[in-house]
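Labels below follow one simple rule: chain letters A, B, ... track the order of the sequence lines, proteins then strands, and each chain is numbered from 1.
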There are 2 protein chains.
Amino acid sequence: MTGTSTRVSSPTLDEVAVLAGVSRATVSRVVNDSPRVSPEAREAVRAAVAALSYVPNRMARSLVTRRTDTIALVLSEPDARIFSDPFFASIVRGLNGALASTDINLVLLTARDEREQEKAGRFVRQGHVDGVILMSLHSHDVLPAQLIAAGMPLVLCGRPLDDRPVAWVDADNAGGARLATEHLLAGGRRTVATISGPRDMVAGLDRLAGYRDALADAGHAADPRLVVEGDFTEGGGARAMEELLVRAPELDAVFVASDPMAVGALRVLRAAGRDVPGDVAVVGFDDAPVALRSDPPLTTVTQPLEEMTQVMIELLLAQVDRTTDDVQTRVCPTRLVRRASA
Amino acid sequence: MTGTSTRVSSPTLDEVAVLAGVSRATVSRVVNDSPRVSPEAREAVRAAVAALSYVPNRMARSLVTRRTDTIALVLSEPDARIFSDPFFASIVRGLNGALASTDINLVLLTARDEREQEKAGRFVRQGHVDGVILMSLHSHDVLPAQLIAAGMPLVLCGRPLDDRPVAWVDADNAGGARLATEHLLAGGRRTVATISGPRDMVAGLDRLAGYRDALADAGHAADPRLVVEGDFTEGGGARAMEELLVRAPELDAVFVASDPMAVGALRVLRAAGRDVPGDVAVVGFDDAPVALRSDPPLTTVTQPLEEMTQVMIELLLAQVDRTTDDVQTRVCPTRLVRRASA
DNA sequence: CGGGGGCGTGAGAACGCTCTCACGGCCGTG
DNA sequence: CACGGCCGTGAGAGCGTTCTCACGCCCCCG
């Protein structure tokens with residue numbers, strides 16, 4: 001191996017053609033699995049390719065095909081917290097799974113601050129990728145507008161706050177929250193509080209809306225005492241629960257807008273001597289791994305991640321292939337998972 | 001904006017040249033900041049570029065320069081666990097920081113199973129990137145060999161198990177473990193146990209070696225009862241601590257090879273009625289965020305992540321620029337952070 | 001036995017950029 | 001005043017592919 005490794009650049013189509021005794025065009029046909037090649041020629045080319053360990057040059061190919069067969073998942077989050085979010089890991093796994101049967105590659109781009117967003121935007125617009133899936137939970141960034149203006153295929157992971165004409169896929173957060181709240185009411189609970197997500201995140205807003213709708217439908221008057229805003233973290237959930245216990249000590253159920261927060265709430269409830277689900281029923285959201293390990297295991301709302309990632313890829317590739325011109329959106333149904341906490 | 005957005009492909013250098021009234025070459029010079037351009041020409045080109053919102057086509061450029069100005073961080077981990085590792089997030093942040101002043105982009109590639117590794121390998125060898133930084137904690141994968149054979153610039157994050165001729169950067173794990181152990185001994189502890197990392201991870205091995213060396217230097221006989229293998233997780237640390245308390249109830253100090261494991265150990269020690277650091281002193285490793293929040297705050301070993309990522313980039317770019325032919329390695333010093341647990 | 005229609009193949013023009021080279025115009029020097 | 005050199009510029013040749021044609025060949029049908 002080291003014997004011939006003084007070679008500095010990789011072999012080209014031409015060299016393969018010479019070795020195989022055919023023309024460049026024929027080699028290209030073989031490499032691209034075109035049917036119009038004789039078995040002998042195909043075999044000769046195959047051998048030559050193997051002998052030279054030829055790998056097609058992506059740049060040259062992309063230059064003419066205008067395709068890179070690569071899509072980017074852009075993580076436009078200010079802090080590194082996103083990495084520790086199991087939801088994020090699931091999305092990456094789902095996307096990779098959805099692309100496994102294709103020869104499309106997925107690359108991740110992080111864009112923590114304005115500067116990195118700028119850099120990521122440039123990267124994308126230079127033509128490194130065919131399309132972008134954007135994960136940005138707080139949506140005050142410029143990347144979407146920039147990419148739309150550049151005509152770059154784009155799908156957002158999560159419904160955007162404003163009504164920009166852009167494709168997106170989201171879980172039915174409101175529906176899931178409604179499911180959870182209805183479940184609590186159906187269990188005979190009378191005072192159902194909620195620990196909501198942050199107001200600047202759509203998922204938080206939607207889950208709060210679902211909770212309110214369910215209560216309203218059941219004839220309950222809206223009670224601001226019962227709503228405390230959390231930040232989707234365990235610590236935030238604990239603090240919110242403490243606040244709730246002060247504000248409304250009579251509560252007998254809590255819908256918590258994320259599992260980590262629910263775990264924090266569970267901890268505070270136990271410390272306060274409230275039995276779960278005996279005294280207080282708790283329902284979380286996300287079906288995070290932690291929901292299974294908590295004590296008691298958390299009744300929660302699960303999102304169809306598999307389906308969501310699949311749809312994201314579909315919507316994106318439709319744009320890439322220009323199959324469609326109008327931007328599509330899709331809301332995927334959520335489901336209640338009953339465990340022990342409610 | 002929608003007015004002219006029927007335009008499907010982006011403008012080319014030629015169109016900019018026509019609009020600016022100069023030749024293609026001059027536009028190229030301006031775009032690439034060549035000094036040999038008159039101010040007037042430069043201004044005209046600038047205006048034309050802005051008017052057309054011209055962005056150079058990376059593929060075309062790379063085809064001739066043989067540079068993509070992109071490097072990949074490949075995460076070659078079987079499970080998604082790596083995302084939740086704060087160490088990993090720090091590495092990404094560090095690398096991005098080290099590249100912030102350059103116009104080199106960083107993309108992340110995940111390669112969970114054999115199949116995805118294959119895909120990532122192809123992606124890299126097709127010439128999408130100029131070099132690769134590989135993070136693979138378990139090192140039984142084929143990617144390194146494949147990339148080396150292809151002559152792709154490569155730097156490993158972490159010392160490899162075998163002695164392949166490949167560049168790598170690692171923290172001084174053995175030195176840090178020695179520091180921790182010496183600290184425990186200097187505090188008057190007589191029976192210092194350890195919860196090690198997994199045997200198939202170099203970091204685990206090195207930290208164990210450092211622990212043993214420190215003990216040997218202090219004249220202690222090696223006692224296999226005092227060594228229990230953990231898996232770097234909190235749960236694993238707890239289990240290992242339980243085991244240790246059974247095996248060697250007289251222990252008065254534990255060097256734990258990772259902070260999450262140390263947190264688990266702390267929990268078990270408290271449950272067993274042992275005061276930390278009164279009865280048992282505990283030192284962790286990594287200086288993870290959790291080390292600050294634990295009770296008591298964890299004395300631990302910190303790695304110079306900033307320096308490590310900086311060096312990785314240096315070694316990689318040296319290879320990319322062919323500044324050097326021999327593979328370099330670098331071990332970065334670790335440091336003891338004294339808190340309350342020891 | 002002649003003519004039409006695939007089918008496998010090769011020649012050559014793109015794709016959008018960089019880079020070398022050559023060419024005028026201006027300066028300074030002898 | 002002539003001549004060499006430098007500086008800004010443009011022409012044109014690639015970079016490694018794909019893809020459109022056009023061209024022989026063989027086979028089948030009339």
Would you kindly give the [atom1]-to-[atom2] distance between [X] and [N], to the nearest whole Å?
X: A/Asn32; N: D/dC19; atom1: CG; atom2: P; value: 7 Å
X: B/Glu43; N: D/dG8; atom1: CD; atom2: P; value: 16 Å
X: B/Glu40; N: D/dC7; atom1: CD; atom2: P; value: 16 Å
X: A/Asp14; N: D/dT18; atom1: CG; atom2: C1'; value: 13 Å
X: A/Arg24; N: D/dG16; atom1: CZ; atom2: P; value: 11 Å
X: A/Asp33; N: D/dT18; atom1: CG; atom2: C1'; value: 15 Å
X: B/Arg29; N: D/dG8; atom1: CZ; atom2: C1'; value: 7 Å
X: B/Gln126; N: D/dC15; atom1: CD; atom2: P; value: 21 Å

B/Ser28 side-chain N/O to B/Arg24 backbone N/O, donor-acceptor pair under 3.5 Å: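 No; zero donor-acceptor contacts below 3.5 Å.
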More than 12 non-hydrogen atoms from neighbouring residues, nucleotides or ligands closer than 6.0 Å to CZ on B/Arg330, yes or no?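 For B/Arg330, atom CZ is not crowded (no more than 12 foreign heavy atoms under 6.0 Å).
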Return the set of residues passing salt bridge (Lys or Arg N to Asp or Glu O under 4.0 Å) with A/Arg61 (not counting sequence neighbours), or none when no residue passes.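 Scan of A/Arg61 (salt bridge (Lys or Arg N to Asp or Glu O under 4.0 Å), adjacent residues dropped) gives none.
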Decide, yes or no, whether a salt bridge links A/Asp162 with A/Arg164 under the criterion of side-chain N to carboxylate O below 4.0 Å.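 A salt bridge is present here (some side-chain N lies under 4.0 Å from a carboxylate O).
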State plainly whether the residues A/Asp321 and A/Arg67 are in salt-bridge range, i.e. N to O under 4.0 Å.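 The answer is yes: the pair qualifies as a salt bridge.
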Check each residue of residues 55-72 of chain B for a non-hydrogen atom within less than 4.0 Å of any atom in DNA chain D, then write out the ones that pass by number, or none.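 Residues of residues 55-72 of chain B under 4.0 Å from DNA chain D: B/Leu63, B/Val64, B/Arg66.
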Measure the CG-OG1 distance between A/Asn105 and A/Thr70 for me, rounded to the nearest 0.5 Å.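 Going from the CG atom of A/Asn105 to the OG1 atom of A/Thr70 covers 5.0 Å.
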Quick check on [N]: is either OP1 or OP2 less than 4.0 Å from any side-chain nitrogen or oxygen of [X]?
X: A/Ser38; N: C/dC7; result: no
X: A/Ser23; N: C/dG10; result: yes
X: A/Thr26; N: C/dT9; result: no
X: A/Ser28; N: D/dT18; result: yes

Establish whether the base of C/dG6 is bridged to the side chain of A/Arg36 by a donor-acceptor pair shorter than 3.5 Å.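 Checked by distance alone, the answer is no.
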So which one's nearest nucleotide on DNA chain D is more toward 5', A/Tyr54 or B/Arg42?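 Going by which nucleotide is closer to the 5' end, it is B/Arg42.
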Nearest-neighbour nucleotide for the B/Val37 side chain, C/dT9, D/dT9, D/dA11 considered: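 That would be D/dT9.
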Within a strict 4.5 Å, meaning less than it, do heavy atoms of the A/Val27 and A/Val30 side chains meet?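 No, side chains not in contact.
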